[in-house]
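Quick caveat: nothing in here was measured; it's all calculated off a predicted structure. Heavy-atom basis, side chains included; hydrogens, waters and symmetry copies ignored. A note on names: the letters A, B, ... follow the listed sequences, proteins ahead of strands, and every chain is numbered from 1.
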Amino acid sequence: MIDLRLLREDPDRVRASQRVRGEDVDIVDALLSADERRRSSGSRFDELRNEQKSLGKLVPKAQGEEKVALLQRTKDLAAAVKAADAEQNEAKEEADRLLRSLANLIDPAAPVGGEEDFVTLEEIGTPRDFAAEGFEPRDHVELGQILGAIDTERGAKVAGARSYYLTGVGALLELALVNMAMAQATAAGFTAMITPALVRPAAMDGTGFLGQAAENVYYLPEEERYLVGTSEVPLAAYHMDEILDAGQLPLRYAGFSSCFRREAGTYGKDTRGIIRVHQFEKVEMFVFTSPEEAEAEHRRLLQWEKDFLNALELPYRVIDVASGDLGSSAARKFDIEAWIPTQGKYREVTSTSNTTEYQSRRLSIRMREEGKVRPLATLNGTLVAVPRTIVAILENHQQADGSVVVPEALRPFLGGRSVIEPVAK
RNA sequence: GGAGAGUUGGCCGAGUGGUAAGGCAGCGGCUUGCUAAGCCGUGGUCGGGGUCACACCCGCGCGCGUUCGAUCCGCGCACUCUCCGCCA
């Protein structure tokens with residue numbers, strides 16, 4: 001959530017942010033009046049409660065008629081206090097509900113517009129010219145079959161649409177990618193983490209995923225638990241309700257977990273293969289740092305993502321995502337899209353967001369610096385989302401005979417293997 | 001799944017239906033002097049709300065109830081621990 005003080009002082013800035021996101025602007029005024037009501041009802045309660053407490057202290061000392069009169073007064077007061085408390089709570093709840101429904105303030109540097117209005121920051125590497133090489137590239141589904149690496153048919157049989165098995169070398173490929181990602185992250189100073197995939201509502205809501213993204217979240221009503229769509233959730237909530245010492249920042253975590261997504265509203269999109277699936281594994285970077293450092297840290301996260309894709313020798317581009325396409329928590333977001341030869345376009349493989357103080361306020365995570373306590377910034381970035389990275393590797397590094405060359409940096413994690421050969425039929 | 005115990009300030013730990021002992025640590029001072037120790041004082045020294053700043057209000061895990069008044073009594077919930085059962 002955003003700073004209520006900022007909202008009072010500069011509501012136009014908040015309105016402008018909501019507008020470029022394409023979200024409700026009226027909520028700003030509703031919140032301002034709810035906040036006003038909360039403050040006035042709060043001080044009314046304070047006064048009554050103060051009187052009640054001072055009178056209450058007199059009760060045990062009072063005697064006879066004096067005591068009877070006093071008890072009558074305090075009894076009346078008790079009813080007034082109760083009413084004032086109820087009003088205060090109602091106003092608080094309303095203000096809090098509205099505040100939590102407000103998206104993060106957009107970074108003024110982010111491009112304005114919808115999904116198509118991103119700005120391409122750079123293109124790295126050159127897509128291969130398969131025509132010049134004299135063969136038609138196979139898509140990852142076909143390659144997955146030839147190599148015995150991916151089984152989507154049995155995935156559907158057992159688990160339904162958008163499900164898959166990674167088999168043989170495919171399974172090993174996942175483990176290799178995860179290990180390579182963790183090796184890079186720990187070398188950069190991240191703490192490796194294996195996180196819960198099942199979290200309580202406070203964690204899910206605190207991270208901002210129960211707003212516009214709620215329809216993509218799996219919920220287990222009997223347990224009141226959510227399945228996370230990214231380890232960003234358990235990593236952000238790791239320090240929930242804590243005050244971190246400024247001296248220990250930045251705290252950098254690399255979390256590995258399964259990720260679950262309902263993919264509601266994506267019927268017909270990417271139905272083939274493993275581009276869009278209900279369950280996958282991912283290594284996610286997550287950082288707690290000071291608000292002043294957040295922007296520079298965001299660039300560092302982007303660089304670590306690039307380092308990883310560079311090591312995999314994949315052609316990609318970096319885009320600056322437009323205001324209307326940001327998640328509610330993000331002030332700014334950079335996506336990296338890898339080139340997918342058989343689709344003839346770039347597809348998202350990683351994403352890094354600067355969520356500024358939005359999540360830390362919701363999760364009540366603060367930093368203490370020179371005795372002062374204030375919110376801190378959180379950032380997240382994908383190091384490797386396994387299925388899409390496998391798609392990119394298979395398609396970009398395939399050869400005419402259906403084999404796939406293993407990028408050199410990945411070989412040590414794949415038992416030294418340099419080529420993945422088709423399995424004999 | 002069953003039974004029981006617990007949750008108090010940065011940490012430990014008492015406690016009572018009427019403004020939360022004590023200790024450690026902290027902070028201020030003093031003494032002796034240095035792999036530090038002792039004495040005195042301070043004291044919710046923390047977090048939230050509120051104010052120009054004070055005042056003031058809220059916080060004894062959370063919520064609801066009883067009461068003029070709840071940390072204390074009742075109900076519900078969360079979490080931790082112990083034992084039993086089951087189990088990768």
K.L.:
Atom CZ of A:R37 and atom C1' of B:G50: how far apart are they, to the nearest Å?
P.N.:
18 Å

K.L.:
In whole angstrom, give me the gap between the C1' atoms of B:A3 and B:C73.
P.N.:
24 Å

K.L.:
Answer yes or no: is there a donor N or O on one side and an acceptor on the other, between the side chain of A:R21 and the main chain of A:N104, under 3.5 Å?
P.N.:
yes

K.L.:
Taking atom P in both B:A20 and B:C58, compute the distance separating them and give it to the nearest angstrom.
P.N.:
12 Å

K.L.:
Check the distance between B:G59's P and A:D241's CG and give it to me in whole angstrom.
P.N.:
18 Å

K.L.:
For B:G85, give its Watson-Crick or G-U wobble partner with both distances under 3.5 Å, or none.
P.N.:
none

K.L.:
If I take atom CG in residue A:D85 and atom C1' in nucleotide B:C57, what distance separates them, rounded to the nearest angstrom?
P.N.:
11 Å

K.L.:
Looking for any heavy atom pair under 4.0 Å, which part of the strands does A:R368 touch: base, sugar-phosphate only, or nothing?
P.N.:
sugar-phosphate

K.L.:
Across all strands, who's sitting opposite B:C77 as a Watson-Crick or G-U wobble pair, both distances under 3.5 Å?
P.N.:
B:G61

K.L.:
Show me the protein contacts with nucleotides 53-56 of chain B, counting only N or O atoms at under 3.5 Å.
P.N.:
{"from": "B:C56", "atom 1": "O3'", "to": "A:N50", "atom 2": "OD1", "distance (Å)": "3.2"}

K.L.:
Starting at CG of A:L48 and ending at P of B:C58, how long is that distance when rounded to a whole Å?
P.N.:
12 Å

K.L.:
Can you check the distance between B:G23 and B:A14, where both ends of the measurement are the C1' atom (answer in whole Å)?
P.N.:
11 Å

K.L.:
Calculate the interatomic distance between A:L4 atom CG and B:G49 atom C1'; express it in whole Å.
P.N.:
11 Å

K.L.:
Using a heavy-atom cut-off of 4.0 Å across all strands, would you classify A:R361 as base, sugar-phosphate, or nothing?
P.N.:
nothing

K.L.:
Which nucleotide, if any, forms a Watson-Crick or G-U wobble pair with B:U66, using both distances under 3.5 Å?
P.N.:
none

K.L.:
Parallel under 30°, tilted from 30 to 60°, perpendicular over 60°: which one fits the rings of A:F260 and A:Y218?
P.N.:
perpendicular

K.L.:
The side chain of A:R39 is closest to which nucleotide in this list: B:A78, B:G47, B:U51?
P.N.:
B:U51

K.L.:
Determine the Euclidean distance between corresponding C1' atoms of B:C27 and B:C79; express it in Å to zero decimal places.
P.N.:
34 Å

K.L.:
For B:G9, which nucleotide in any strand shown is its Watson-Crick or wobble partner with both distances under 3.5 Å?
P.N.:
none

K.L.:
Just by distance, no angles: are the side chains of A:E232 and A:Q359 close enough, under 3.5 Å, to form a donor-acceptor pair?
P.N.:
yes

K.L.:
Pairing check on B:C30: which nucleotide meets the Watson-Crick or G-U wobble criteria with it, both distances under 3.5 Å?
P.N.:
B:G38

K.L.:
Quick one: does any side-chain atom of A:S43 pair with a main-chain N or O of A:R39 as donor and acceptor, under 3.5 Å?
P.N.:
yes

K.L.:
Go through the steps for A:R252 and A:E297 under the test salt bridge (Lys or Arg N to Asp or Glu O under 4.0 Å), then give the verdict.
P.N.:
CA-CA 10 Å; A:R252 297 192 177 103; A:E297 184 71 13; 2.7 Å; yes

K.L.:
Using purine N1 to pyrimidine N3 plus N6-O4 or O6-N4 for Watson-Crick, or N1-O2 and O6-N3 for G-U wobble, each under 3.5 Å, what pairs with B:A21?
P.N.:
none

K.L.:
Could you check A:F45 against A:R8 and say which one's nearest nucleotide on RNA chain B is further toward the 5' end?
P.N.:
A:R8

K.L.:
Taking the same atom, P, in B:C64 and in B:C60, what whole-Å distance lies between them?
P.N.:
12 Å

K.L.:
Hey, does the side chain of A:R366 come within less than 4.0 Å of B:C46's phosphate (OP1/OP2), counting only N and O?
P.N.:
no

K.L.:
When rounded to the nearest Å, what value does the distance between C1' atoms of B:G15 and B:G26 take?
P.N.:
24 Å

K.L.:
For a 4.5 angstrom cut-off between non-hydrogen side-chain atoms, does A:M193 reach A:T191?
P.N.:
yes

K.L.:
Quantified in whole Å, what is the P atom distance between nucleotide B:C81 and nucleotide B:C12?
P.N.:
15 Å

K.L.:
Base, sugar-phosphate or nothing for A:R38? Non-hydrogen atoms, less than 4.0 Å.
P.N.:
sugar-phosphate

K.L.:
So what's B:U16 paired with, Watson-Crick or G-U wobble, going by both distances under 3.5 Å?
P.N.:
none

K.L.:
Determine yes or no for a side-chain-to-main-chain donor-acceptor pair under 3.5 angstrom, with A:S257 supplying the side chain and A:T195 the backbone.
P.N.:
no

K.L.:
Along nucleotides 61-75 of chain B, 5' to 3', which nucleotides get a B, which get an S, and which get a -, given that the test is a protein heavy-atom distance under 4.0 Å?
P.N.:
-----S-BS------

K.L.:
Please give the distance between the C1' atoms of B:U8 and B:G47 as a whole number of Å.
P.N.:
15 Å

K.L.:
Assign A:R225 to base, sugar-phosphate, or nothing according to its heavy-atom contacts below 4.0 angstrom with the strands shown.
P.N.:
sugar-phosphate

K.L.:
Taking side chain as C-beta onward, heavy atoms only, is A:R300 less than 4.5 Å from A:L379?
P.N.:
no

K.L.:
Can you tell me if the side-chain N/O atoms of A:R44 get under 4.0 Å from OP1 or OP2 in B:C57?
P.N.:
no

K.L.:
Would you mind reading off the distance between A:R200 atom CZ and B:C77 atom P, rounded to a whole angstrom?
P.N.:
14 Å

K.L.:
Could you label the plane-to-plane angle of the A:H298 and A:F334 rings as parallel, tilted or perpendicular, counting under 30° as parallel and over 60° as perpendicular?
P.N.:
parallel

K.L.:
Would you say the side-chain atoms of A:N396 pair up with the backbone N or O of A:A392, donor to acceptor, closer than 3.5 Å?
P.N.:
yes

K.L.:
Atom CG of A:D3 and atom P of B:G48: how far apart are they, to the nearest Å?
P.N.:
13 Å

K.L.:
Report yes or no: does A:T289 contribute a side-chain atom to a donor-acceptor pair with the main-chain N or O of A:A377 at less than 3.5 Å?
P.N.:
no

K.L.:
Around atom CD of A:Q248, are there more than 12 heavy atoms from other residues, nucleotides or ligands closer than 6.0 Å?
P.N.:
yes

